[in-house]
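The chains referred to below are lettered A, B, ... by the order of the sequence lines, with proteins before strands, and numbering in each begins at 1. What's counted below: heavy atoms across the whole structure, side chains too, no hydrogens, waters or symmetry copies.
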Protein chains: 2
Amino acid sequence: MQKKRTTLKDIARATGVHVSTVSRALDPTERKSITPEVVAKIQAAAERLDYRPNRIAFGLRTNRTMTVGVVIPDITNPIFPPILRGIESVLEPLGYASIIVNTDSEREREIRLLEVLRDRGVDGVIHAAVLRSDPSIAKAAQDGLSVVTLNRRVENSNIPYVINDEDLGICEMLRHLTKLGHRRIAHLAGPQDLSTGQLRLAAFRSAAERMSIEIDPQLIVTAMRFDEDEGARCTRELLASGHDFTAVLCANDRLALGCIDVLRENGLDCPSDISVSGFNDMPFLQLARPRLTTVRIQQYDAGITAASILLRLMNAGADDDIPLETVLPVELLERESTGPVAAQRR
Amino acid sequence: MQKKRTTLKDIARATGVHVSTVSRALDPTERKSITPEVVAKIQAAAERLDYRPNRIAFGLRTNRTMTVGVVIPDITNPIFPPILRGIESVLEPLGYASIIVNTDSEREREIRLLEVLRDRGVDGVIHAAVLRSDPSIAKAAQDGLSVVTLNRRVENSNIPYVINDEDLGICEMLRHLTKLGHRRIAHLAGPQDLSTGQLRLAAFRSAAERMSIEIDPQLIVTAMRFDEDEGARCTRELLASGHDFTAVLCANDRLALGCIDVLRENGLDCPSDISVSGFNDMPFLQLARPRLTTVRIQQYDAGITAASILLRLMNAGADDDIPLETVLPVELLERESTGPVAAQRR
DNA sequence: CGCCAATGTGCAATCGTTTGCATATTCAGT
DNA sequence: ACTGAATATGCAAACGATTGCACATTGGCG
């Protein structure tokens with residue numbers, strides 16, 4: 001029932017020229033081949049009739065939809081909104097719109113949603129939910145779809161990725177804890193099929209080795225998801241194991257929040273009994289008490305960076321060489337959840 | 001550089017029938033007019049060639065993009081992600097994709113983004129960022145665009161809207177406070193150009209009247225935005241006014257969080273000195289201490305409801321009568337930020 | 001055996017653009 | 001004034017689907 005919009009044909013009729021002339025007059029790069037006064041006439045008519053180009057027809061003809069897909073695990077996870085705003089801040093001014101889809105970290109969903117995006121002819125995809133080995137996205141990239149991955153990377157591929165300096169973050173955190181006197185340090189690792197989980201665990205191991213801290217293998221527990229429930233479960237496991245520890249370095253903030261809750265349930269105070277650290281500095285973390293010591297990652301900037309790379313990818317001359325890896329700096333935030341190792345141990 | 005996809009024409013060539021026959025064979029509602037064996041042959045070919053319909057071409061021909069626009073103030077505000085998931089949960093299975101845009105509550109941005117959405121030929125719009133009087137969206141609806149507003153409503157229009165039972169929520173909160181003995185109750189009102197702000201203030205006034213509680217006009221302070229900074233500012237104003245109060249009923253959670261911070265800065269404990277209440281029960285609120293007494297609104301369900309109504313609107317026979325107003329139930333959550341009025345007043 | 005209705009398929013136009021090519025006009029140079 | 005280039009515009013074919021209509025085939029029935 002939409003009131004019909006004015007088309008090139010309408011303008012052509014109104015100005016007495018051919019529709020192709022109108023098309024050229026309205027296209028900045030083609031405009032030069034048209035007499036200035038007829039350009040003026042056409043622009044005036046376009047203005048008067050309130051012409052708005054039909055992007056669908058444009059898309060069909062040119063095979064460019066000016067749309068990008070953004071794949072994330074779950075928009076409800078607060079680290080993603082800032083990323084999305086970052087992406088939007090570079091893409092939207094250029095006329096791109098984005099379609100955001102949530103995979104809930106389910107492989108079938110991810111595959112299906114990727115199909116959906118391709119069906120809609122997106123010009124590119126920013127993917128913040130890839131698995132470490134992810135054939136579907138690799139294949140899409142192979143087929144010529146422009147793809148950038150964010151926060152994670154798919155191995156053995158030449159898909160550009162933007163990640164945070166996980167290594168440095170973990171390393172600084174570990175140094176921070178040792179400086180406070182901690183030696184028996186547990187690690188709540190993230191899911192190992194996600195590159196962040198895997199990277200942070202590897203970073204933990206290698207940093208410990210470098211600093212000559214002996215890590216009891218029993219003190220490394222792996223979560224199946226990055227959420228509070230898993231943080232709680234892993235902490236219970238840790239306590240049940242009977243192995244002693246004075247600090248827990250968690251692979252992200254949500255694990256840390258779950259961890260602190262369980263410690264409290266068991267009469268252990270954070271930080272006076274046990275220190276706990278997070279990773280990400282997610283939004284709203286400042287509401288939690290004790291305020292969590294964590295590693296800040298650049299969420300908004302990550303979005304900006306990924307979008308910029310995607311742009312270059314989409315408009316790439318083959319000449320253009322796009323950086324495969326971009327590592328964003330991180331920052332240690334010392335707050336209240338970590339403190340000096342207690343004098344008397346439990 | 002995309003590897004070219006298979007089209008109806010390819011299937012037609014492969015099966016030796018006309019492209020229109022292929023189209024019909026693949027369309028469930030048209031299928032019945034084609035001989036079963038040729039349907040089978042066509043489907044087999046479609047399968048074999050991995051045919052995926054081109055939605056762009058479909059959109060151009062049928063004027064249906066199977067895309068809806070979702071307009072929100074800011075995805076970074078945690079009440080929106082659940083709403084979006086709710087919307088997605090009904091629209092995505094039906095083949096719709098959504099384009100989400102952030103207005104940052106700026107009128108020009110809102111107008112421009114609405115244009116963007118219309119340019120892209122969205123089939124409908126869910127608008128959670130309208131102003132109380134909003135000509136641009138009213139005009140769009142007039143032009144035949146399907147629109148539903150969410151959380152807010154535009155006055156003097158017949159645009160269907162989904163809101164929460166603000167009235168009931170405020171009323172129950174006020175009753176809760178009075179039951180605790182509070183009489184001198186302040187109100188941190190939201191922006192009055194947003195219908196939630198306006199509705200909640202009106203509800204506050206009328207509920208107070210119904211309960212015969214006298215409200216000092218000086219104890220009503222209006223925020224310019226729904227955020228912590230404004231909550232803080234208004235609370236300072238309240239304290240500076242010198243008027244006495246024992247409770248602050250805030251128009252939303254973020255105002256309440258800002259309020260509590262400022263009270264604490266001034267040596268006032270919540271709830272033992274002053275009770276504070278919020279509204280929305282936004283995600284991550286449970287991290288805050290004291291845990292905030294608030295009114296839970298149904299965020300996910302609001303998304304579901306709005307999407308369902310939009311669907312009916314988009315597929316409306318004129319016969320179909322769509323509810324103009326949907327009011328979702330709310331629930332009072334008594335937590336720690338409200339308590340009995342202190343024996344000795346400051 | 002012939003006629004008509006029913007059924008299945010093909011034809012071609014259409015949606016609104018873009019774009020390679022053909023054509024018409026202008027203009028400069030001799 | 002005539003040729004040839006340069007320049008501006010028009011023509012028409014795409015892009016990939018849908019859909020009203022025409023046509024051909026079949027089968028039933030008198």
Side-chain angles (χ1 to χ4, degrees), chain A residues 1-43 45-46 49-67 95 118-121 123, chain B residues 1-43 45-46 49-67 95 118-121 123:
Chain A
M1 222 67 36
Q2 301 267 104
K3 191 179 291 180
K4 70 175 184 335
R5 300 169 30 133
T6 99
T7 72
L8 288 187
K9 206 186 291 183
D10 297 326
I11 301 184
R13 195 176 314 118
T15 54
V17 301
H18 192 264
V19 45
S20 62
T21 308
V22 179
S23 171
R24 287 189 252 260
L26 262 24
D27 177 350
T29 78
E30 288 280 313
R31 178 142 54 226
K32 59 180 174 312
S33 68
I34 306 282
T35 323
E37 38 267 31
V38 16
V39 168
K41 185 172 61 174
I42 289 173
Q43 285 180 322
L49 300 178
D50 189 30
Y51 170 74
R52 325 235 61 211
N54 182 322
R55 282 175 169 284
I56 306 294
F58 175 92
L60 179 58
R61 177 62 228 245
T62 63
N63 220 17
R64 302 188 59 206
T65 53
M66 298 301 280
T67 305
R118 300 184 73 181
D119 284 355
R120 291 181 168 270
D123 296 334
Chain B
M1 224 68 37
Q2 302 267 104
K3 191 178 294 181
K4 70 173 182 334
R5 301 171 25 135
T6 98
T7 72
L8 287 189
K9 207 187 292 183
D10 297 326
I11 300 184
R13 195 176 314 117
T15 53
V17 300
H18 192 264
V19 46
S20 61
T21 307
V22 179
S23 172
R24 286 189 254 259
L26 263 24
D27 177 350
T29 78
E30 288 280 313
R31 181 145 47 226
K32 59 180 176 310
S33 68
I34 306 282
T35 321
E37 38 267 34
V38 16
V39 168
K41 184 172 62 173
I42 291 174
Q43 285 180 322
L49 300 176
D50 190 29
Y51 170 73
R52 323 234 60 211
N54 182 323
R55 282 176 169 284
I56 307 295
F58 176 92
L60 179 59
R61 177 62 227 248
T62 63
N63 221 17
R64 304 189 59 205
T65 53
M66 298 301 280
T67 305
R118 300 185 73 182
D119 284 356
R120 289 181 169 270
D123 297 334

For B:A14, all residues meeting side-chain contact (heavy atoms from CB on, under 4.5 Å), sequence neighbours excluded: B:L49

So CG of A:L60 and CZ of B:R55: to nearest 0.5 Å the spacing works out to 14.5 Å

Taking CD1 from B:I34 and C1' from D:dT25, how many angstroms apart are they, rounded to a whole number? 14 Å

Integer-rounded Å distance: C:dT19 C1' and A:L8 CG: 13 Å

Interatomic distance, A:R52 CZ vs C:dC15 C1' [rounded to whole Å]: 19 Å

Taking all heavy atoms of B:L8 and all of B:Y51, pick out the closest pair and write down the distance. CD2-OH, 3.4 Å

Heteroatom pairs (N/O) under 3.5 angstrom, protein to nucleotides 13-15 of chain D:
{"from": "D:dA14", "atom 1": "N3", "to": "A:R61", "atom 2": "NH1", "distance (Å)": "3.2"}
{"from": "D:dC15", "atom 1": "O2", "to": "A:R61", "atom 2": "N", "distance (Å)": "3.4"}

Rounding to a whole Å, what distance do you find between B:R120:CZ and C:dT17:P? 15 Å

Among residues 14-24 of chain A, which residues get a heavy atom nearer than 4.0 Å to DNA chain C? A:S20, A:S23, A:R24

Pairs involving residues 30-42 of chain B, ordered by first then second residue, that meet side-chain hydrogen bond (donor to acceptor under 3.5 Å, both in side chains) (sequence neighbours left out): none

Sorted by position of nearest nucleotide on DNA chain C, 5' first, the leading residue of B:V38 and A:P53 is B:V38

Figure out the CZ/C1' separation between A:R31 and D:dT7, and round it to whole Å. 18 Å

All N/O donor-acceptor pairs, side-chain side in residues 16-26 of chain B, below 3.5 Å, sequence neighbours left out:
{"from": "B:H18", "atom 1": "ND1", "to": "B:S20", "atom 2": "N", "distance (Å)": "3.0"}
{"from": "B:H18", "atom 1": "ND1", "to": "B:S20", "atom 2": "OG", "distance (Å)": "2.9"}

Can you list everything that forms a salt bridge (charged side-chain N to carboxylate O under 4.0 Å, His left out) with A:D10? Sequence neighbours excluded, please. A:R13

Tell me the interatomic distance from B:I11, atom CD1, to D:dG16, atom C1', rounded to whole angstroms. 12 Å

Test side chain to side chain contact (heavy atoms under 4.5 Å, CB included) applied to B:R120 and A:M66, step by step: CA-CA 10 Å; B:R120 289 181 169 270; A:M66 298 301 280; 3.6 Å; yes

Kindly compute the distance separating CG (B:N54) from OG1 (B:T7), expressed to the nearest 0.5 Å. 9.0 Å

